[in-house]
Asker: 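I'd like to ask you about the structure that follows.
A, B, ... follow the sequence lines: proteins, then strands. Residue 1 opens every chain. Every value quoted in this text rests on a predicted model; they were computed, and no experiment measured them.
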Number of protein chains: 2
Amino acid sequence: MLTNAGKYAIRAVIYLAIHSSADKKLGAKTIANALEIPQAFLAQLLRTLTVDKLISSSKGPGGGFFLDDDDRKNTLWQVIVSIDGEHRFQECFLGLSKCDDAHPCPVHHMVSPFKKEMLFNFQERTIAQLIDEIKDNGTVVSLKMSH
Amino acid sequence: MLTNAGKYAIRAVIYLAIHSSADKKLGAKTIANALEIPQAFLAQLLRTLTVDKLISSSKGPGGGFFLDDDDRKNTLWQVIVSIDGEHRFQECFLGLSKCDDAHPCPVHHMVSPFKKEMLFNFQERTIAQLIDEIKDNGTVVSLKMSH
DNA sequence: TGTTTATTATGACAAAAATCATGTTGTGGT
DNA sequence: ACCACAACATGATTTTTGTCATAATAAACA
C-alpha cells in the first residue's frame, strides 16, 4: 500500500508541520534523529519533496527544511504521489492490472469501499487541517518508531 | 499490506474454489497458466497451503490440488496468515511498531476504522460464502493478471 | 573573500523479496 | 514390477527496495 520511503516521508512532513516554521528550520539530521530513521535516506526524500514544492528548504548556516503557510495547504496525498507515485496506493488488492467495478477481482467488493474512503481522506484534508485535528483530539500522537 | 506471494495465494485458492473438486484436481502448472503467475513460485505457495491444511493435494497421475468441503469452510484470512503471516496485514500504516487507539500515529484515526472493517470481512466469510456471493452478484470476476 | 553550515548529487552497498532450477519421493495405471 | 506423472523439498539466482558513504554545490556571515 505504501513503501517504506512513503511512510518516512509522511512522518517527516508531519514532524515538520508540528515543529518547524519559516524562522525555525530543521536539518535533515535533526529530523532523522527525532523520527529514528536513517539520515541519508531521509535526506533524499526531503530533496524530492523540495523539488516537488511540498516542503521548503534553505541552504547555508541556519538553513534547513521547513513548512511555510503555502506548504501547509497541500495534502498528504501529494506527499504520497511525490514519493511512491500515484499507482501504488490505488492498485488492486490482488495486484490485477485491471480491477474496477465493471471487472472486479474476487475481493474487490470487500475492499474497494474502504480504499475509496481512505483515499478521499488523504486527498481532501490539508496538512494544516490534519494538525488541527490532532491538537483538538488531545491524545498525543507518536511519530517515533518505538516508544 | 499484502506481499506478492499472498496475492498469488489468494487468487490460487479462489481459482481452486471455482474450478476444482475432489474428483477434479488441478496441477500447479495448470493453475499458474490460468492465472499468469510463475509456476515454480506458485508451487511453493501451494505446498505451504497444503501443509497448513488450507488446500488438499494428491500425488501421482491424475493428482493435483483441490478444495474439499472442509477446505471451503476456511477463510481467506487463514490463507493470508499462512503465506504472509499475521502481522503484515495489521501493521501500522506508517510502520510504527506501537500504534493503537491509546498511542495512535498521526493518521491512525483516518485509517484504522477501515482496516478493522476489512480485517473483519476476511475473517468472517468462509471461502464457500465468498464464492456464493460472487455467483449471486452476476458480474464475472477476473483472476488473470490482465485481460 | 574565505570559512562554516547545510543542502544537493551521485553511486556503491546490503537486505529482502521474488523468481527460477534441480533433484527426490510418492502414487496410480499398465 | 515398472513407468509416467505430479507433488515435495531444497537451494541458487535475480530483482527490487532500502541503506549508506562521499564528494560537490550553494548560501550566509565575518
Asker: Report yes if the side chains of A/Phe89 and A/Leu2 come closer than 4.5 Å at any heavy-atom pair, otherwise no.
Answerer: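 When only atoms from C-beta onward are counted, A/Leu2 and A/Phe89 do touch, with a gap below 4.5 Å.
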Asker: Quick check: closest heavy atoms across A/Lys98 and B/Ser142, and the distance to 0.1 Å?
Answerer: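 Shortest heavy-atom contact: O-OG, 4.3 Å.
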Asker: Is a salt bridge present between B/Asp70 and B/Lys73, judged by a nitrogen-to-oxygen distance below 4.0 Å?
Answerer: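 Looking at B/Lys73 together with B/Asp70, the answer is yes, because their closest N to O distance falls below 4.0 Å.
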Asker: Between A/Asp68 and A/Lys24, is the closest basic N to carboxylate O distance under 4.0 Å?
Answerer: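 Looking at A/Asp68 together with A/Lys24, the answer is no, because their closest N to O distance does not fall below 4.0 Å.
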Asker: Round to a whole Å and report the spacing from CD1 of B/Ile83 to C1' of C/dA18.
Answerer: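 After rounding, the reported distance stands at 13 Å.
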Asker: Quickly work out the B/Lys7 NZ to C/dA17 C1' distance and round it to whole Å.
Answerer: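 In whole Å, C/dA17 C1' and B/Lys7 NZ are 12 Å from each other.
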Asker: First contact, last contact: which nucleotides of DNA chain D are these for chain A, 5' to 3', heavy-atom distance under 4.0 Å?
Answerer: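 Reading along DNA chain D, I get D/dT17 to D/dA28.
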Asker: Are A/Leu119 and B/Val111 linked, directly or through intermediate hydrophobic residues, by side-chain heavy-atom contacts shorter than 4.5 Å (ILVMFWY only)?
Answerer: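 Yes, one cluster joins them.
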Asker: To the nearest Å, give me how far apart CG (B/Leu42) and C1' (C/dA18) are.
Answerer: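 Distance, rounded to whole Å: 13 Å.
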Asker: Tell me if the centroids of the rings in B/Phe93 and A/Phe122 come within less than 6.0 Å of each other.
Answerer: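 Yes: the rings meet the under 6.0 Å criterion.
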Asker: How far apart are the closest heavy atoms of B/Thr75 and B/Arg125, and which atoms are they?
Answerer: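 Distance-wise, the nearest heavy atoms are CG2-O, 3.4 Å.
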Asker: Treating primed atoms plus P, OP1 and OP2 as sugar-phosphate and everything else as base, which nucleotides of nucleotides 2-16 of chain C get B, S or - for protein heavy atoms under 4.0 Å?
Answerer: --BBSSSS-------
Asker: Measuring from atom CG of B/Asn121 to atom CH2 of B/Trp77, what distance do you get when rounded to the nearest 0.5 angstrom?
Answerer: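 Separation between the atoms: 12.5 Å.
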